[in-house]
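Okay, so here's the structure we're looking at.
The shown structure was predicted, so the numbers you read here are calculated from the model rather than taken from an experiment.
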Amino acid sequence: MTLSPTLQRTAADALAELQREHGRALFGFLLGLTHGDAQRAEDLVQETLVRAWQHPEALESDHASMRPWLFTVGRRLAIDARRARLSRPREVDPQGLEHAPAPVDGVAGAVTAIDVRRALGSLGPEHREVLMQVYFRDRSVAEAARELGIPAGTVKSRTYYALRALRKDLQGYGLGA
C-alpha cells in the first residue's frame, strides 16, 4: 500500500483495492451484527474504510491480510453505534401520542386526595359511615344496613344526601350538581 505524500492518508487506489478485496465480506459480517439492517451495515462499511484511510500505518503492517483488522474496526464501530442509539431516547411516531396515556401528575393526585378527605370530614358521622360501608368497604346496601344496624332505606337515603354534599364541596372536579 502507498501513502499519500501530502496528508499522510491512504492513497485512493490503495483504498479502492481494499474495498474490492474485502468490501463484500465486511458488509456481510456487519449485516449480521446489525440484524439485517443493510443501511446501517453500509454506513459501518463506509466508516470502517474511512478509518483505514485515516490510519495508513495499519495498511503498511506486515500482516498477510487486512481482513482481521477491518473486521475488528467494523465490529467496534457497530458496538459504538448500538450504544449511541441505546443512550438516546427512542423516536416516537407523533400519531402514536394520541393513544398514549396522559402522564400521572402526583401533585394533582395528592391535592385531590386532600380535597376528598376534607369533603368527607365535613359530612356528619352517619353519612360518612354509610359512604365508608358502601364505597370503601364495597358492601351492598343490605350488608351496610346489617353492619350499621339501620334499615336499608336509611342507608340509601344517607348515601344520596352524602353524595349530594360531596358534589357540592367538590364542584371543581366536574362531578355535576
Side-chain angles (χ1 to χ4, degrees), residues 1-120 131-132 134-140 163 166-167 169-176:
M1 303 280 162
T2 58
L3 300 179
S4 172
T6 55
L7 299 173
Q8 289 299 310
R9 303 283 191 212
T10 304
D13 59 336
L15 199 56
E17 181 184 328
L18 197 63
Q19 163 65 27
R20 275 190 306 276
E21 191 175 333
H22 304 289
R24 272 186 119 171
L26 182 59
F27 175 76
F29 173 70
L30 293 172
L31 191 61
L33 290 180
T34 59
H35 305 288
D37 188 338
Q39 186 176 5
R40 268 202 194 117
E42 288 171 1
D43 289 345
L44 290 169
V45 167
Q46 184 177 7
E47 185 60 33
T48 302
L49 291 173
V50 166
R51 298 293 167 92
W53 176 69
Q54 292 172 335
H55 297 281
E57 68 277 3
L59 300 175
E60 295 296 324
S61 68
D62 58 351
H63 296 295
S65 173
M66 286 304 301
R67 193 170 284 190
W69 184 86
L70 290 170
F71 277 40
T72 299
V73 171
R75 184 177 61 79
R76 288 179 180 164
L77 289 170
I79 291 169
D80 290 346
R82 177 167 168 71
R83 286 179 180 158
R85 269 193 326 281
L86 293 176
S87 70
R88 284 179 273 158
R90 290 186 57 166
E91 293 181 12
V92 178
D93 181 16
Q95 293 175 351
L97 293 176
E98 297 168 357
H99 305 292
V104 176
D105 185 359
V107 174
V111 170
T112 301
I114 290 169
D115 288 344
V116 169
R117 282 191 187 108
R118 182 193 48 76
L120 281 170
L131 289 181
M132 290 298 293
V134 173
Y135 287 101
F136 296 105
R137 295 189 181 123
D138 199 29
R139 295 201 170 120
S140 68
L163 290 176
L166 286 178
R167 278 191 198 98
D169 281 352
L170 299 172
Q171 283 180 356
Y173 289 95
L175 300 173

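Listed here is the closest heavy atom pair of Leu49 and Leu15: O-CD1, 3.6 Å. Smallest separation of non-hydrogen atoms from Phe27 and Ala41: CE1-CB, 3.6 Å. Nearest heavy atom pair, residue Leu31 against residue Asp37, reads CD1-C, 3.8 Å.
Atom CE of Met66 sits about 11.5 Å away from atom CD of Glu17, to the nearest 0.5 Å. Remark: Ser65 OG to His22 NE2 distance equals 4.0 Å, nearest 0.5 Å. To the nearest 0.5 Å, the span separating CG on Leu77 from CG on Leu30 amounts to 8.0 Å. One finds the CD atom of Glu47 at 7.0 Å from the CD atom of Gln54 (value rounded to the nearest 0.5 Å). Of the inter-residue distances, the one linking Arg67 atom CZ with Leu26 atom CG reads 8.5 Å to the nearest 0.5 angstrom. For the atom pair OH of Tyr135 and CG of Leu120, the computed distance is 12.0 Å after rounding to the nearest 0.5 Å.
In this structure, the side chains of Leu33 and Leu44 stay at 4.5 Å or more apart for every pair of heavy atoms. Within the 4.5 Å cutoff, the side chain of Leu163 has heavy atoms near those of the Leu131 side chain. For the pair Phe29/Thr48, no side-chain contact is recorded, criterion being any heavy-atom separation below 4.5 Å from C-beta on.
More than 12 heavy atoms of other shown residues, nucleotides or ligands fall within 6.0 angstrom of atom CZ in Arg118. Within 6.0 Å of atom CZ in Arg82, 12 or fewer heavy atoms from other residues, nucleotides or ligands are found, so the atom counts as exposed in its surroundings. Within a 6.0 Å radius of CZ in Arg85, more than 12 heavy atoms belonging to other residues, nucleotides or ligands are found.
In this structure, the side chain of Arg51 does not engage the main chain of Gly74 through any donor-acceptor pair within 3.5 Å.
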